[in-house]
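To start, the structure itself, in structure tokens.
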Amino acid sequence: MADPRGFMRTRDRELPSDRAVSVRIQDWREIHHHPVGDAAALESLHRQAGRCMDCGVPFCHHGCPLGNLMPEWNDLTWRGMWADASERLHLTNNFPEITGRICPAPCETSCVLGINQPAVTIKNIELSIVEEAFDRGLVHPAVIDRHTECTVAVVGSGPAGLAAAQQLTRAGHTVTVYERADAPGGLLRYGIPEYKLPADVIERRLDIMRAEGTVFRSGVDVGRDVTGEDLLASFDAVVMTTGSTIPRDLPVPGRDLAGVLPAMDYLVPANHAALGEPVADALVATGLDVVIVGGGDTGADCLGTAVRQGARSITQLEILAEPSRERPAGQPWPTYPAIFRVSSSHEEGGERVFAVSTVSFLGDDDGRVAGLQVVDVEQVAGRFEPVPGTERVLPAQLVVLALGFVGPEREGLGEQLGLATDGRGSFVRGEDFATSTPGVFVAGDCGRGQSLIVWAIAEGRSAAAAVDRFLTGRTELPSPISASTVSLRA
Ligand SMILES: Cc1cc2nc3c(=O)[nH]c(=O)nc-3n(C[C@H](O)[C@H](O)[C@H](O)COP(=O)(O)OP(=O)(O)OC[C@H]3O[C@@H](n4cnc5c(N)ncnc54)[C@H](O)[C@@H]3O)c2cc1C
Ligand code: SF4
């Protein structure tokens, strides 16, 4: 245990400050400072790691789908044993520099110290360990010298595909990752904005994977450029990690007006532009009134993007009522409560409106959106009922629909591989991630439904163990979850 009295000596959470709002909205660079090697920052980290009580029944293990070993790496951080801390961190997580930046940290809402004090700063300690380790030259490719003769195709290079590919490569199999975008990373690269997760952080990890022997083939739309039958004929196993890519729509009058678009049609070109890549015909928010329909994290990412593009006004609409600031009685510790959260984007501008529904989109004479007709709603017996007399029009020349995703694309590759979809539109798989087509496995959002990076990594790791067992009859790869594992996240 790090410091038996640490949680009494240091009662408050300390986190490195973010870049000032007025400065960071001028560019696309990461909003967080990473004070690697800085003496004051290391001292603060020492105090924070010392707050871990090594409580005996660490619920944070269960809060994290990866089963990260927080008390162990808190202890090693407190002792300044960076090589050991990094090794312990990487035992359970392939990409801690990504979760350490943008995981919503369900571990922290289940931290035992959090029952009556602010929780241990687990996520920042995770990030600090891996960034210190990179800075000190402690993160190396794990190149293995014993190869099987088995080949695996991974389709999709988001966190699920990357985790599966790294695990299977390290088990000695020859792994090829196919990605239809021009570079690997999935939502990590072109979905999540550069100011939250820079592309060079992804590239740094991809370089390690390349050095370990994983082969990447970008710009290949599997199902069209290469068929499912080709994959089955050429590889011993196929892992589908194609994500949940079909956006939920809002079929109200005026939906087909120009200037009303799904979140990914807005964020992906914006991310290309942020990386200095040429973008044709992208809608940008400069000088416009922007309305984002959907109050979740994707909507918040659109908000931060519109701020940086210089929108005239930004409004984010949410149909649910504003959540409370405190844990609701029905969501006690250690669950992940649905409380009012302020993301980094919300600090930067825009207005959030709760309990409001879109009735229709209004257009101008050129067929472009000019506004939204909205109405306040209240929940009555589980239904959203309009509040009479609250109808109004919000001006908008750009409307972004951030309403989530309804599942993976089944046409093409899904059909070619004989994959069925369940009632939620996700690919059907068994507890061990295997589908009814022999040798085909499903992991990540395309099987779980729209979720989180930490779940995608956990699924990728677990599916890799199942594939390894399928190929060799046994496995030593860890399997943190089964396909139906649910979390403490509400
Ligand atoms: C805007 C946005 C912001 C988010 N922010 C966060 C966050 O801050 N924290 C968090 O934890 N989670 C966040 N999420 C959720 C998280 O990104 C996803 O849960 C996660 O990326 C899912 O990983 P995946 O590997 O299953 O799929 P994805 O990351 O979606 O990757 C799937 C990949 O498969 C490729 N593909 C699909 N079909 C084919 C094909 N036929 N051939 C070749 N390639 C194909 C796609 O191009 C894509 O690159 C966010 C999601 C969005 C949309
Ligand atoms: S991956 Fe997420 S849940 Fe797991 S320890 Fe890190 S921040 Fe916590």
Side-chain angles (χ1 to χ4, degrees), residues 60-70 73 89 92-93 95-96 98-111 119-127 153-164 177-193 196-197 217-226 228 231 240-245 247 262-264 266-268 271 296-302 305 336 343-344 402 404-405 408-409 411-414 416 442-460 487-489:
C60 54
H61 281 189
H62 192 61
C64 175
L66 291 164
N68 274 348
L69 304 167
M70 298 77 160
W73 33 262
L89 186 61
T92 54
N93 188 352
F95 314 122
I98 295 171
T99 49
R101 279 178 168 79
I102 55 173
C103 183
C107 55
E108 292 188 3
T109 54
S110 60
C111 170
V120 174
T121 56
I122 297 171
K123 178 168 130 171
N124 186 55
I125 295 169
E126 174 178 40
L127 179 60
V154 175
V155 187
S157 65
L162 294 179
V177 180
Y178 290 92
E179 170 55 55
R180 69 180 165 198
D182 61 2
L187 286 172
L188 305 177
R189 183 182 288 269
Y190 293 131
I192 298 169
K196 273 175 62 181
L197 180 60
R217 292 198 57 204
S218 299
V220 181
D221 188 347
V222 184
R224 201 191 61 183
D225 304 332
V226 178
L231 290 190
M240 287 285 283
T241 53
T242 51
S244 178
T245 44
M264 299 314 289
Y266 175 60
L267 288 174
V268 173
N271 258 339
D297 295 341
T298 301
D301 288 349
C302 297
T305 301
Y336 187 86
S343 74
S344 60
F405 300 85
E409 299 146 44
E411 300 74 36
L413 183 58
Q416 292 163 15
V442 161
D445 280 8
C446 67
R448 170 168 287 270
Q450 183 194 359
S451 184
L452 294 172
I453 290 162
V454 65
W455 280 102
I457 299 172
E459 289 223 351
S487 70
L488 294 168
R489 186 174 159 87

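Reckoned from all heavy atoms, side chains included, excluding hydrogens, waters and symmetry mates. Ligands are counted one by one from 1 in listed order, and the atoms in each one are counted from 1 as well.
Separation of atoms CG (L188) and CG (N271) is listed at 11.0 Å; rounding is to 0.5 Å. Atom NZ of residue K123 and atom CE of residue M70 lie 12.5 Å apart, to the nearest 0.5 angstrom. With rounding to the nearest 0.5 angstrom, the OG1 atom of T245 is 9.5 Å from the CG atom of D445. Expressed to the nearest 0.5 Å, how far CD1 of I453 lies from CD1 of I192 amounts to 4.0 Å. Expressed to the nearest 0.5 Å, how far CG of D182 lies from OH of Y190 amounts to 3.5 Å. A distance of 9.0 Å separates SG of C64 from CD1 of I122, quoted to the nearest 0.5 Å.
Those atoms of ligand 1 with a heavy atom of G243 less than 4.0 angstrom away are 27 (O), 30 (O), 32 (C). Shown in contact with A160 at under 4.0 Å from a heavy atom are these atoms of ligand 1, numbered in order with element: 25 (O), 26 (O). Residue D221 has at least one heavy-atom neighbour below 4.0 Å for each of these atoms of ligand 1: 40 (C), 41 (N), 42 (N). Each of the following atoms of ligand 1 lies closer than 4.0 Å to a heavy atom of L452: 10 (C), 11 (O), 12 (N), 19 (O). The ligand atoms of ligand 1 that sit less than 4.0 angstrom from a heavy atom of V220 are 42 (N), 43 (C). The atoms of ligand 1 that sit less than 4.0 Å from any heavy atom of G444 are 26 (O). Using a 4.0 Å cut-off to heavy atoms of M70, the atoms of ligand 2 that qualify are 5 (S). The distance from ligand 1 to the heavy atoms of I192 drops below 4.0 Å at these ligand atoms: 3 (C), 4 (C), 5 (N), 6 (C), 17 (O). Each of the following atoms of ligand 1 lies closer than 4.0 Å to a heavy atom of L267: 1 (C).
Ranking protein heavy atoms by distance to atom 19 (O) of ligand 1, first place goes to D445 OD2, 2.9 Å. The nearest protein atom to atom 7 (C) of ligand 1, hydrogens excluded, is given as I102 O, 3.5 Å; this is a heavy-atom distance. When hydrogens are left out, the protein atom nearest atom 42 (N) of ligand 1 is V222 N, 3.0 Å; that is the closest non-hydrogen contact. Closest to atom 52 (C) of ligand 1 among all protein heavy atoms lies T298 OG1, 3.7 Å. Of the protein's heavy atoms, T242 O, 3.3 Å lies nearest to atom 37 (C) of ligand 1. Protein heavy atom in closest approach to atom 29 (O) of ligand 1: L187 N, 3.1 Å. When hydrogens are left out, the protein atom nearest atom 3 (C) of ligand 1 is D301 OD2, 3.0 Å; that is the closest non-hydrogen contact. For atom 16 (C) of ligand 1, the closest non-hydrogen atom of the protein is I453 CG1, 3.8 Å.
The option from R101, E179, M264, M240 that lies nearest to atom 33 (C) of ligand 1, judged by heavy atoms, is E179. Of the candidates R180, Q450, Q416, R180 brings a heavy atom nearest to atom 44 (N) of ligand 1. Counting heavy atoms only, G158 comes closest to atom 31 (O) of ligand 1 of the residues G158, A164, C446.
Contact annotation: P106 has at least one heavy atom less than 4.0 Å from an atom of ligand 2. Ligand 1 is never approached by T99 to a heavy-atom distance shorter than 4.0 Å. Using a 4.0 angstrom heavy-atom cutoff, S451 counts as in contact with ligand 1. Residue-ligand proximity: Y190 is placed with every non-hydrogen atom at 4.0 Å or more from ligand 1.
Residues L69 and H61 share a closest heavy-atom pair of CA-NE2, 3.7 Å. S157 and E179 make their closest contact through OG-OE1, 2.8 Å (heavy atoms, listed as atom of the first residue, atom of the second, distance). Minimum interatomic distance between P106 and T109 (heavy atoms only, all atoms of both residues): O-OG1, 3.0 Å. P65 and W455 get closest at one heavy-atom pair: CG-CE2, 3.3 Å. The heavy-atom pair separating G185 from P159 by the smallest distance is O-CD, 4.4 Å. Summarising the geometry of S110 relative to C60, their closest heavy-atom pair is OG-CA, 3.6 Å, with the distance given to 0.1 Å.
Within the protein, the N, O or S atoms lying under 2.8 Å from atom 6 (Fe) of ligand 2 are E126 OE1.
At a heavy-atom distance under 4.0 Å, only side-chain atoms of K196, from C-beta outward, approach ligand 1. Contact annotation: for F405 versus ligand 1, heavy atoms closer than 4.0 Å belong to the side chain alone. Contact annotation for T241 and ligand 1: only backbone heavy atoms (N, CA, C, O) come within less than 4.0 Å of the ligand. Residue contacts with ligand 2 for E108 are absent, since no atom lies close enough (heavy atoms, distance under 4.0 Å). When heavy-atom distances to ligand 1 are checked against a 4.0 Å cut-off, V155 comes that close only through its side chain, counted from C-beta outward.
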### Message
Applying side chain to side chain contact (heavy atoms under 4.5 Å, CB included) to C302 and L267, what does each step give before you reach the verdict?
### Response
CA-CA 7 Å; C302 297; L267 288 174; 3.9 Å; yes
### Message
Working note: R224 + E409, criterion salt bridge (charged side-chain N to carboxylate O under 4.0 Å, His left out); need CA distance, chi angles, decisive distance, verdict.
### Response
CA-CA 13 Å; R224 201 191 61 183; E409 299 146 44; over 6 Å; no
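When each of L413, V220, T242 is tested with Y178 by the rule side chain to side chain contact (heavy atoms under 4.5 Å, CB included), just one qualifies, namely V220. None of D221, V222, V177 except one satisfies the side chain to side chain contact (heavy atoms under 4.5 Å, CB included) rule with V155; the exception is V222.
Side-chain atoms of E108 do not come within 3.5 Å of backbone N or O of A119 as any donor-acceptor pair. Here the side chain of R189 pairs a donor or acceptor atom with the backbone of P184 at under 3.5 angstrom. In this structure a side-chain-to-backbone donor-acceptor pair under 3.5 Å is missing from E459 to A443.
By the 4.5 Å heavy-atom criterion applied to side chains, D225 and R180 are not counted as neighbours.
Residue contacts with ligand 1: P159 is placed with a nitrogen or oxygen under 3.5 Å of a nitrogen or oxygen of the ligand (distance criterion only).
Of the N and O atoms on the side chains of S244 and Q450, not one donor lies less than 3.5 Å from an acceptor on the other residue.
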